[in-house]
Amino acid sequence: MAVLELEDVRAGYGSGPDILNGITLGVDEGETTCVIGPNGAGKSTMLKTIAGLLRVRSGEIRFDGKRIDGLRADQVLGEGVCFVPTDRSLFGDMTVRENLAMAGYSLGSREVLHERIDEVLEMFPILAERSSQRARTLSGGQQQMAALARAWILRPRMLLVDEPSMGLAPQVSDQVFGVIRDFREAGMTVLLVEQNARKGLECAQWGCVLDLGTKRFDGPADSILANPEIHELYLGRQADGNGGARP
Amino acid sequence: MNVIQITIFGVLLGGVYALMATGLTMLYGVMRVINLAHAAFMIVGAYIAFVLYRDLGIDPLLSMLVTGPALFVVGVLVYQLLFRPLADNPRFTEMTVLLSFGLALAVEGILGSIFSNIYHSTDPSYATGTIDIGSVFIPTGQLYGFIASLVLLAGLWAFLYYTKPGYAIRATMQDRAAAQIVGVNVDRISALAFGIGVGLAGAAGSLLSYLFTFFPGSHLLWIGLLLSLIVVGGLGSLKGAFVGAVGLSVIAAFATDELGPEWSYLTFYVLLFVILLVRPQGLFGKAETI
């Protein structure tokens with residue numbers, strides 16, 4: 001059953017043109033859906049729009065049957081949809097621990113917060129080591145871990161992740177994808193946008209190809225990986241399997 | 001005059017400048033608003049303190065308890081009525097410069113029609129008193145102003161570092177989008193920050209009422225000075241506002257002693273130029289990154 005539904009959604013920045021040109025998409029509960037597509041296809045814009053950071057110009061977004069388009073970002077989070085953007089959105093001048101504690105802003109209970117901070121510090125030993133360092137001193141991979149750890153503390157029903165492997169060494173990005181699998185195994189629904197299409201699809205059950213602000217194709221992730229036409233158009237440059245095509 | 005004496009003057013006044021500048025830099029940090037009406041609200045605070053002193057005999061230090069909260073309410077209203085409707089505009093910062101300048105002129109006009117354009121000030125007994133310590137003396141008015149400023153700034157610091165809305169304000173200052181992502185209602189936080197910023201200006205107005213003379217148009221002198229302080233400190237940096245205010249004030253005190261009081265204002269701008277040449281983002285500002 002689709003827990004997140006986008007219906008003919010149009011959105012864009014400021015008074016500029018539509019970046020999303022009527023996207024219709026369903027994301028099934030408990031699954032990981034990976035969205036791929038070329039630069040400028042509107043992948044990140046779609047996540048920002050769902051997260052409430054961009055206004056929907058027309059169309060509807062429903063989460064669990066309830067309309068969430070028109071809600072503010074903090075209200076969307078309140079519905080259980082947590083966004084981890086590409087820039088990881090940590091607070092650079094706050095320590096790692098303070099960053100994790102910021103999750104408490106919408107969590108309410110102090111005890112639950114501290115319990116869960118201890119839990120993620122156990123899950124991510126590197127964060128425990130760096131817990132009193134300022135977030136800006138972390139490496140890219142550590143920042144991504146911290147951002148995902150902060151999301152984990154919130155136990156969202158749904159996680160939106162924008163290009164988690166951006167700028168990371170292959171080994172580090174494997175770790176990050178491992179964490180994203182953990183989210184799904186813990187029962188959370190994941191909507192993942194990824195430039196490294198192969199790795200993204202490998203960690204997903206459903207795949208969706210976005211181009212020029214509309215959905216071109218969607219289907220089971222393995223069938224997209226196997227589809228020669230999509231391979232040619234969207235995966236071709238990464239056919240060596242190392243995902244090293246980023247300029 | 002000896003060095004210790006001049007430093008005392010500079011530091012005491014610098015503390016008051018820091019109070020005046022903090023609200024301005026905080027507003028910039030939270031929502032990228034350069035509130036050119038900030039000093040006009042200070043003058044409003046000074047006039048309220050003046051009326052309370054003249055008609056009810058309320059001491060200016062005590063009237064901070066009135067001017068602060070009163071201007072807090074004004075700040076929240078101004079945000080809701082004037083600034084919030086523009087919040088989604090991509091040219092928000094540029095528009096608010098013009099909007100707040102217009103607001104400053106409107107406030108000046110209203111004050112002028114009520115109080116006329118002559119100089120005012122309050123004269124509590126301590127305003128001209130001194131405490132003598134050996135060869136140096138401490139002006140009591142400035143000392144009390146300094147202490148009151150430090151108390152307010154310490155209160156603000158405690159609020160920002162130990163309360164939930166304080167965390168939210170700091171988070172919003174560092175990264176507005178990131179704050180939204182962790183569930184901060186940045187709209188409400190902006191209103192709160194606007195209220196606090198303007199409220200601090202109001203409270204500073206009480207101090208201004210006896211430390212300086214003022215008239216409706218004097219906000220124009222003040223806003224220039226305050227902007228130079230916060231640009232030197234780094235726009236949006238609270239620490240920078242404090243260090244910039246005290247540092248520049250001390251240097252200005254020395255310049256006044258060497259060159260005469262007519263050079264005092266110029267000192268701030270000369271230092272502004274010099275520091276921006278060396279460090280364009282200000283002392284504690286963050287360099288723009290791509």
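Below, chains carry the letters A, B, ... as their sequence lines are ordered, and counting in each starts from 1.
- For the side-chain contact (heavy atoms from CB on, under 4.5 Å) test with B:I181, the passing option among A:L160, A:L53, A:V84 is A:L53; the others fail.
- A heavy-atom distance below 4.5 Å is found between the side chains of B:R170 and A:E98.
- Heavy atoms of other residues, nucleotides or ligands lying less than 6.0 angstrom from CZ of A:R55 number 12 at most.
- For residues 121-151 of chain A, the interface with chain B (any heavy-atom pair closer than 4.5 Å) comprises A:R136, A:R150, sorted by residue number.
- Under a cut-off of 6.0 angstrom, the local environment of CG in B:L98 is sparse, with at most 12 non-hydrogen atoms contributed by other residues, nucleotides or ligands.
- From B:R188, atom CZ reaches atom CG of A:D74 across 8.0 Å, with rounding to the nearest 0.5 Å.
- Of all heavy-atom pairs between A:Y105 and B:V182, the closest is CB-O, 4.0 Å.
- Within 6.0 Å of the CZ atom in A:R10, the count of heavy atoms belonging to other residues, nucleotides or ligands exceeds 12.
- Within a 6.0 Å sphere centred on NZ of B:K164, other residues, nucleotides and ligands contribute more than 12 heavy atoms.
- Under the side-chain hydrogen bond (donor to acceptor under 3.5 Å, both in side chains) criterion, the residue pairs touching residues 171-184 of chain B are B:R176-B:S190, with sequence neighbours excluded.
- Heavy atoms from other residues, nucleotides or ligands lying under 6.0 Å from CZ of B:F101 number 12 at most.
- Looking at every heavy atom in both residues, B:A171 comes nearest to A:F91 through O-CE2, 3.3 Å.
- A distance of 12.0 Å separates CG of B:N185 from OG of A:S106, quoted to the nearest 0.5 Å.
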